[in-house]
Enquirer: 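Below: one structure in structure tokens.
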Amino acid sequence: DINMINNFGASESADDEIIKLGVEIAKIEETLEDLHIKITATERLGKLPDVISLKIKEKELERELAELKSIYAQKKSLMQH
């Protein structure tokens, strides 16, 4: 039945999208961990302008991460229904 095939394709595509979101979330989390280490080291060196720049980048990544996690949760929730 063609409808079953179409539904399977849609499900497969949604699964792929959820997996891609999960990978992107993991990458950003790893980048944030590395950034936090750089911020700490830069603070110890007393390089205030660099610290400010790194903290701005950190906040941008945290916002992006929160947005991706929200999208991920919504899509995951839709998949379960």
Enquirer: To the nearest 0.5 Å, tell me how far Tyr72 OH sits from Leu65 CG.
Expert: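 That separation rounds to 12.5 Å.
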Enquirer: Among residues at least two apart in sequence or on other chains, which ones pass salt bridge (Lys or Arg N to Asp or Glu O under 4.0 Å) with Lys75?
Expert: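 Counting only residues at least two positions away or on another chain, Lys75 forms a salt bridge (Lys or Arg N to Asp or Glu O under 4.0 Å) with Glu17.
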Enquirer: Show me, pair by pair, the donor-acceptor contacts under 3.5 angstrom made by side chains of residues 22-42, not counting sequence neighbours?
Expert:
{"residue": "Glu29", "atom": "OE2", "partner": "Lys69", "partner atom": "NZ", "Å": "3.2"}
{"residue": "Thr31", "atom": "OG1", "partner": "Lys27", "partner atom": "O", "Å": "2.9"}
{"residue": "Thr40", "atom": "OG1", "partner": "His36", "partner atom": "O", "Å": "3.0"}
{"residue": "Thr42", "atom": "OG1", "partner": "Lys38", "partner atom": "O", "Å": "2.7"}

Enquirer: Report the residues that fulfil salt bridge (Lys or Arg N to Asp or Glu O under 4.0 Å) with Glu58, sequence neighbours left out, ordered by chain and then residue number.
Expert: none
Enquirer: Only counting residues at least two apart or in another chain, list the ones meeting side chain to side chain donor-acceptor pair (under 3.5 Å) with Glu43.
Expert: Lys55
Enquirer: Run through the side-chain heavy atoms of Ile, Leu, Val, Met, Phe, Trp and Tyr, join any pair under 4.5 Å, and report what else lands in Leu48's cluster.
Expert: Ile52, Ile56
Enquirer: Working to the nearest 0.5 angstrom, can you tell me the gap between Gln74 CD and Ser77 OG?
Expert: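 Interatomic distance, Gln74 CD to Ser77 OG, rounded to 0.5 Å: 8.5 Å.
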Enquirer: Nearest 0.5 Å, please: how far is CG in Leu21 from CG in Asp16?
Expert: 11.0 Å
